[in-house]
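These values consider heavy atoms only, across backbone and side chains, with no hydrogens, waters or symmetry-generated copies. Numbers restart at 1 for each chain; the letters A, B, ... are given by sequence-line order, proteins then strands.
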There are 2 protein chains.
Amino acid sequence: MTMVDNMSRGTAFRTSGSGAAAGRRGGVAGDAEGTDWTAGFPGLASLGPEVRAGLVAHSRLASLPAGTVIFGPGKAPENLLLLVEGSVRVQQTAEGGREVVLYRVGAGESCVLTTACLLGYEGYPAEGIAETEVRAVMVPRGAFEDLIVRSAAFRRFVFAAYARRITDLIRVIDDIAFRRIDVRLSQRLLDLAEADGTLRVTHQELALELGTAREVVSRQLHEFQRRGWVALGRAQIRLVEPSALRRLARE
Amino acid sequence: MTMVDNMSRGTAFRTSGSGAAAGRRGGVAGDAEGTDWTAGFPGLASLGPEVRAGLVAHSRLASLPAGTVIFGPGKAPENLLLLVEGSVRVQQTAEGGREVVLYRVGAGESCVLTTACLLGYEGYPAEGIAETEVRAVMVPRGAFEDLIVRSAAFRRFVFAAYARRITDLIRVIDDIAFRRIDVRLSQRLLDLAEADGTLRVTHQELALELGTAREVVSRQLHEFQRRGWVALGRAQIRLVEPSALRRLARE
DNA sequence: GCGCCGTCGGTGACTAAGTCACGCCCGCGG
DNA sequence: CCGCGGGCGTGACTTAGTCACCGACGGCGC
């Protein structure tokens, strides 16, 4: 579904109230031209064709290498991010270097913390890091506001994204406060495993995922190994008995 | 506990171009008539007068007794809540009866989890309970959407509220994962204390606040007492040396 | 007053989790 | 060959959470 006739729809994006320069960069920027990436977003399926075309025209598709810090304390984002490909890890770092992973944003999802920061609030607590190479659509502030005004479907998309993140965070709270770390560790192992049942992570990295200490992870993994559930190597874990891990993870 | 009937679905706000903002009482129920409660919301100060009038006309001021469960699993809300007076506690209850308090909504704030549920997402994880008697403006879904479309100021208000809640949740995660419970307990004591330096709570209630066990709270309080920082009575605590507690809380 | 009962809190013994200090092994570059 | 740094193992210890039980207080009916 190619939408190139977007300019004919002159009214498509005209910021109403705020008049905040809806970055109409001369001749439409970016490599998003022509590709209707909106198909990759289930939540955007019900957008009207003109709205969709306008979105495509006013945003740009960017590629970020793995490891890019997308936002963080003192690094406010400029755009709403819609992930086309890759994965963004949002984490909280405490003093002393300990971390917890709050949630991940995957393909087809949006990074709403961005908009929260952009539109409402200063003082970001968390940071977002590209885990893999990331291809994402950057929707500038003006276009975002305009979409909110024009499209009920887009509003639903955005609010659903917020709700999703909030439930994720509440889940993390529940996990940390009430769940045993062996249970949480087994869940992570299953989540992070490749298709072949191996994962290349250090104990330290797993500890940061779970917001605990390296020694704790090491001991738990050792216990898993003793039971024959995993095989451990240097910075590498092979899941020998995933069904047992799943059973534990369901606690 | 009068539940609000949804009137005026579909039609956008009739902007009362007519007289004063206050005057509209055409069939709109509730005690909100005439009172321009929007003054109590700093975030709404920049709303245009017509928008404000429409908001007043289409919403309804309700009074909920202390203890009312405003939302919860299987109890989806029908309105956006703007608190005029009182306090709502939002908490998470795990199986086994243990709880954590996620955040509180105070006067002048809005309960956005409500909108998230309403507009986007099913499956509420948390529940909201009126801690005191609560006076709140109930904005029905249609009016909410209309406001979002019409007013940039209202959008800012809503997104700021989201951002606020998200940062609150991240703060809770940080606390639970990385802070010692004596530090967290001293913070709560200071937060929950009356002006005269006393609080009437049971150890059990404090434990639920912090997501820990009653015995842990009891032992910590006992230790505080041993140091002469507090005086303990049945379901009552007096802060004897608040400065010492503050010092600890700043850890 | 007396006894009943539910809530509130105290306690000891135990397990789970996190902290601290140290030391080993492996791979790699000089 | 050596040194070095990342990754891991380990023991000893502290802190937090769990379990079982009991006693003390306060309200209430009588």
Side-chain angles (χ1 to χ4, degrees), chain A residues 92-100 172-189 192 198-227 230-238 248-249 251, chain B residues 67 92-100 172-189 192 198-227 230-238 248 251:
Chain A
Q92 159 80 345
T93 306
E95 350 64 60
R98 284 186 57 182
E99 303 175 358
V100 211
V172 171
I173 291 174
D174 205 70
D175 274 10
I176 296 182
F178 304 130
R179 280 187 165 62
R180 298 170 47 101
I181 52 109
D182 53 354
V183 174
R184 296 173 57 211
L185 177 58
S186 61
Q187 286 175 341
R188 285 293 165 143
L189 291 178
L192 298 176
T198 67
L199 40 178
R200 254 179 259 126
V201 278
T202 67
H203 300 183
Q204 180 65 37
E205 285 164 352
L206 285 169
L208 296 183
E209 287 273 336
L210 300 172
T212 181
R214 199 251 321 157
E215 298 92 318
V216 175
V217 170
S218 289
R219 280 195 264 262
Q220 292 294 337
L221 285 174
H222 211 246
E223 173 64 18
F224 287 173
Q225 187 177 40
R226 198 188 60 75
R227 298 185 198 169
V230 301
L232 302 177
R234 189 185 175 85
Q236 183 182 350
I237 302 171
R238 189 162 48 84
L248 177 57
E251 280 291 304
Chain B
Q92 159 80 345
T93 306
E95 350 66 60
R98 284 187 57 185
E99 304 175 357
V100 211
V172 171
I173 291 173
D174 205 69
D175 274 9
I176 295 182
F178 304 130
R179 280 187 164 63
R180 298 171 46 102
I181 51 110
D182 53 354
V183 174
R184 297 173 56 213
L185 177 58
S186 61
Q187 286 176 339
R188 287 291 165 144
L189 291 178
L192 299 176
T198 67
L199 41 177
R200 255 179 257 126
V201 278
T202 66
H203 300 182
Q204 180 64 37
E205 284 165 353
L206 285 169
L208 296 183
E209 288 274 335
L210 300 172
T212 182
R214 199 248 323 155
E215 298 91 318
V216 175
V217 170
S218 289
R219 281 194 263 263
Q220 291 295 336
L221 285 174
H222 212 246
E223 174 63 18
F224 288 174
Q225 187 177 39
R226 199 188 60 76
R227 298 186 199 170
V230 301
L232 303 177
R234 188 184 176 85
Q236 184 181 349
I237 301 170
R238 191 161 47 85
L248 177 58
E251 281 292 302

* **side-chain contact (heavy atoms from CB on, under 4.5 Å) involving Val172(A) - partner list, sequence neighbours excluded** => Ile176(A), Ile173(B)
* Shortest non-hydrogen separation from Thr202(A) to Ala235(A) and the atoms involved -> CG2-CB, 4.0 Å
* Given atom CZ of Arg200(A) and atom C1' of dG6(D), what is their separation to the nearest angstrom? -> 17 Å
* **Check: dG17(D) base within 3.5 Å donor-acceptor of Arg180(A) side chain** => no
Exercise answer: donor-acceptor pairs, residues 210-221 of chain B side-chain atoms, under 3.5 Å, sequence neighbours excluded:
unit_1	atom_1	unit_2	atom_2	d
Ser218(B)	OG	His203(B)	ND1	2.8
Ser218(B)	OG	Arg214(B)	O	3.3

* **Whole angstrom value for the distance that separates P of dC8(D) from CG of Leu206(A)** => 9 Å
* Rounded to the nearest 0.5 Å, what's the gap from CG on Leu232(A) to CZ on Arg238(A)? Could you check? => 10.0 Å
* For Ala249(A) and Val183(A), work out which heavy atoms get closest and say how close. => O-CG1, 3.8 Å
* Val201(B) side chain reached by Glu209(B) side chain, heavy atoms, under 4.5 Å -> no
* To do: May I have the distance from Arg214(B) (atom CZ) to dC19(D) (atom P), rounded to whole angstrom?
  => 13 Å
* Structure fact -> Atom CD of Gln204(A) and atom C1' of dG6(D) are separated, to the nearest Å, by 10 Å
* To do: Mind listing the residues from residues 181-188 of chain A sitting with a heavy atom below 4.0 Å of DNA chain C? Number order is fine.
  => Ile181(A)
* When you match Leu232(A) and Thr212(B) each to their closest nucleotide on DNA chain D, which lands nearer the 5' end? -> Leu232(A)
* Any donor-acceptor N/O pair under 3.5 Å between dC19(D) base and Glu215(B) side chain -> yes
* To do: Please say whether more than 12 non-hydrogen atoms of neighbouring residues, nucleotides or ligands are located less than 6.0 Å from CD in Glu251(A).
  => no
* Asked: Contact boundaries of DNA chain C with chain B (under 4.0 Å, heavy atoms), 5' to 3'?
  -> dG6(C) to dA13(C)
* Structure fact -> Note: Asp174(A) and Gln92(B) closest approach over all heavy atoms is OD1-NE2, 2.8 Å
* To do: Please state how far atom CD1 in Ile176(A) lies from atom C1' in dA16(D), giving the value in whole angstrom units.
  => 15 Å
* Counting only non-hydrogen atoms, which of residues 217-227 of chain B are less than 4.0 Å from DNA chain D? -> Arg219(B), Gln220(B)
* Asked: Any side-chain heavy atom of Leu189(A) within less than 4.5 Å of one from Leu206(A)?
  -> yes
* **Atom CZ of Arg179(A): over 12 foreign heavy atoms under 6.0 Å** => yes
* To do: Tell me what Gly233(A) touches on the nucleic acid: a base, only sugar-phosphate, or nothing, going by heavy atoms under 4.0 Å.
  => sugar-phosphate
* Asked: Is any side-chain heavy atom of Arg227(A) closer than 4.5 Å to a side-chain heavy atom of Glu223(A)?
  -> yes
Atom pairs under 3.5 Å: protein N/O with N/O of nucleotides 22-28 of chain D:
unit_1	atom_1	unit_2	atom_2	d
dC25(D)	O2	Arg234(B)	NH2	3.3

* What's the shortest heavy-atom distance between Arg98(A) and Phe178(B), and which atoms? -> NE-CE2, 3.4 Å
* Within a strict 4.5 Å, meaning less than it, do heavy atoms of the Phe224(B) and Ile237(B) side chains meet? -> no
* Working to the nearest 0.5 Å, report the span between CG of Leu248(A) and CZ of Arg180(A). => 8.0 Å
